[in-house]
Amino acid sequence: MPELPEVETLARGLRSSLVDRTFVAVDVRWEGCLSPADRGAFARRLTGQTVLAIGRRGKWLRMTLSGGDTLLLHPRMTGQVLLSEEPIEDERHVRAVFSLDDGSKLAFVDMRKFGRVCLVEDPDIILSELGPEPLADDFTAASLQAMLAARRGRIKPLLLDQRFLAGLGNIYADEALWRARINPLRTANTLTAKEVRRLHRAIRSVLRAAIARGGTTLSDETFRQVDGEPGGFSIELAAYGRGGEACSRCRSTIERIRLGGRSTHYCPSCQPEP
DNA sequence: AAAGCACCCTGTACGC
DNA sequence: TGCGTACAGGGTGCTT
């Protein structure tokens with residue numbers, strides 16, 4: 001499931017191939033992936049626009065276009081963005097194919113149909129709803145401390161709230177809390193200054209490490225880099241998906257619970273109960 | 001403000 | 001073998 005490191009991996013993988021390329025045709029095979037869901041208007045407006053820049057905000061992939069528009073893509077659970085020279089092996093889940101002026105094709109593949117592609121004039125209408133970027137210079141331990149001060153909910157669901165902080169999903173929220181040795185059930189505003197500093201470091205270090213590995217590809221293989229290769233961070237996962245296994249730090253058994261409707265993995269010994 | 005739930009969706013795993 | 005069910009979860013929207 002793509003989170004910040006996976007979308008960053010996509011943006012980096014696309015940049016060298018797509019910047020300065022012009023869209024010459026769009027084949028939307030499932031109109032529901034578009035917002036608004038109008039394949040005719042989408043194709044007419046996108047065709048002829050050149051990609052000026054590719055970036056990321058939270059879990060959104062962002063392409064700045066020559067006509068003043070921005071193409072935003074959110075992969076949600078199973079969305080994949082593939083630069084394909086050869087046809088895709090399994091065509092069933094291809095939702096849209098974009099043809100570029102050099103003959104290359106960009107495919108949006110999404111088994112569960114949760115992902116969305118938006119062509120907008122003003123991306124800030126969508127992106128300004130997001131919380132701070134965890135890897136930005138202005139996200140500091142002090143700013144995190146201030147953000148947590150008024151929050152009386154539990155820390156794990158808060159980390160998943162994109163309006164609070166942009167880009168963390170279920171995998172990296174669990175990994176960050178494990179690295180920081182903070183129990184996911186802790187009330188957010190009861191973290192000590194020391195714990196907040198640990199959490200701040202943990203969030204940034206786990207995201208950077210995952211980007212360096214090209215993201216996380218789980219056994220369900222829902223994430224792929226733009227060339228189809230899996231991400232390599234799975235081997236470094238310490239908590240997520242490791243319920244019942246020994247904690248790599250203390251050898252206690254990793255617990256798996258449900259929290260806020262999501263599976264949550266933590267070490268009851270390293271991350272003691274509140 | 002916070003928590004819980006249904007919903008969107010489909011492939012996989014499991015019990016019978 | 002095959003059928004029904006639970007589960008996976010990012011985000012939205014609703015109720016409590």
Side-chain angles (χ1 to χ4, degrees), chain A residues 1-10 29-37 56-62 72-81 88-96 108-118 120 123 125-131 134 146-177 184-191 207 210 215-224 231 234 237 239-244 254 256-266 274:
Chain A
M1 57 214 82
E3 305 178 22
L4 184 155
E6 288 72 33
V7 180
E8 182 65 31
T9 299
L10 295 179
R29 303 192 188 171
W30 182 66
E31 200 169 40
C33 73
L34 302 179
S35 179
R56 176 197 58 75
R57 174 81 170 92
K59 301 174 193 173
W60 286 94
L61 181 67
R62 167 168 55 181
L72 292 174
L73 186 151
H74 197 308
R76 295 275 184 104
M77 289 291 298
T78 58
Q80 302 185 351
V81 178
I88 298 175
E89 34 200 273
D90 184 358
E91 291 269 317
R92 278 182 303 165
H93 304 129
V94 176
R95 308 305 177 196
F108 177 56
V109 182
D110 185 21
M111 184 179 75
R112 281 180 217 170
K113 296 183 172 177
F114 287 167
R116 291 294 178 268
V117 180
C118 313
V120 295
I125 292 171
I126 293 171
L127 302 180
S128 63
E129 296 295 314
L130 298 171
M147 287 159 62
L148 290 169
R151 309 303 295 246
R152 301 182 178 200
R154 297 168 301 190
I155 187 67
K156 160 83 188 274
L158 188 58
L159 292 178
L160 293 178
D161 183 347
Q162 302 299 297
R163 291 163 301 183
F164 178 77
L165 186 65
L168 290 189
N170 211 31
I171 296 174
Y172 298 109
D174 280 0
E175 291 301 308
L177 289 170
L185 291 162
R186 288 284 300 281
T187 298
N189 66 359
T190 66
L191 298 194
L207 294 177
T216 299
T217 297
L218 301 170
S219 55
D220 62 7
E221 304 194 355
T222 50
F223 173 68
R224 291 281 168 172
S234 344
L237 293 179
Y240 186 85
R242 298 208 182 274
I254 299 287
R256 180 181 158 160
I257 59 171
R258 271 195 98 70
L259 181 53
R262 298 286 178 256
S263 66
T264 296
H265 316 72
Y266 69 102

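To find a chain, count down the sequence lines: A is the first, B the second, and so on, and within it residues start at 1.
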Query raised in the report: Between A:Thr216 and A:Tyr240, do the side chains contain an N or O donor and an N or O acceptor separated by less than 3.5 Å?
Result: no
Any side-chain heavy-atom pair of [X] and [Y] under 4.5 Å:
X        : Y        : value
A:Ile126 : A:Trp60  : yes
A:Leu207 : A:Pro134 : yes
A:Leu185 : A:Leu259 : yes

Report task. Walk along DNA chain B from 5' to 3' and tell me the first and last nucleotide with an atom closer than 4.0 Å to a non-hydrogen atom of chain A. Result -> B:dA2 to B:dG11
Query raised in the report: Can a side chain N or O of A:His74 be found less than 4.0 Å away from OP1 or OP2 on C:dG11?
Result: yes
Query raised in the report: Under 4.0 Å between a side-chain N/O of A:Ser263 and OP1 or OP2 of C:dG9, yes or no?
Result: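 For C:dG9, OP1/OP2 do have a side-chain N/O of A:Ser263 under 4.0 Å.
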Scan [X] against the nucleic acid and name what it touches under 4.0 Å (heavy atoms): base, sugar-phosphate only, or nothing.
X        : result
A:Thr78  : nothing
A:Met77  : base
A:Phe223 : nothing

Requested in this report: Would you jot down, in residue-number order, the residues of residues 160-176 of chain A having a non-hydrogen atom under 4.0 Å from DNA chain B?
Outcome: none
Query raised in the report: Does A:Asp110 come within less than 4.0 Å of A:Arg76, counting only side-chain N to carboxylate O?
Result: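 The answer is no: the pair does not qualify as a salt bridge.
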Report task. State whether A:Glu91 and A:Arg29 are salt-bridged, where the test is any N-O pair (Lys NZ or Arg NE/NH1/NH2 against Asp/Glu carboxylate O) under 4.0 Å. Result -> yes
Protein N or O to nucleotides 14-16 of chain C N or O, pairs below 3.5 Å:
none

Report summary line: Output for pair (A:Leu218 CG, A:Phe223 CZ), nearest 0.5 Å, gives 10.5 Å
Query raised in the report: Looking at A:His265, A:Glu3, A:Glu6, which one forms a side chain to side chain contact (heavy atoms under 4.5 Å, CB included) with A:Ile171?
Result: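 Of all the options given, the one that passes is A:Glu3.
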Query raised in the report: Per the end-axis method with five pairs at each terminus, what is the bend angle of the helix from B:dA2-C:dT16 to B:dC16-C:dG2, to 10°?
Result: 60°
Query - Interface residues of residues 109-116 of chain A with DNA chain C (non-hydrogen, below 4.0 angstrom) - result: A:Arg112, A:Phe114
Query - Taking every non-hydrogen atom, the tightest pair across A:Leu148 and A:Ala188 - result: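 That would be CD2-CB, 3.8 Å.
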Query raised in the report: Between A:Arg262 and A:Arg154, which is nearer to the 5' end of DNA chain B once each is assigned its nearest nucleotide?
Result: A:Arg154
Requested in this report: Mind checking side-chain contact (heavy atoms from CB on, under 4.5 Å) for A:Pro123 and listing every partner two or more places apart, or none if nothing turns up?
Outcome: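 Result, side-chain contact (heavy atoms from CB on, under 4.5 Å) vs A:Pro123: A:Thr70, A:Leu72, A:Val120, A:Leu127.
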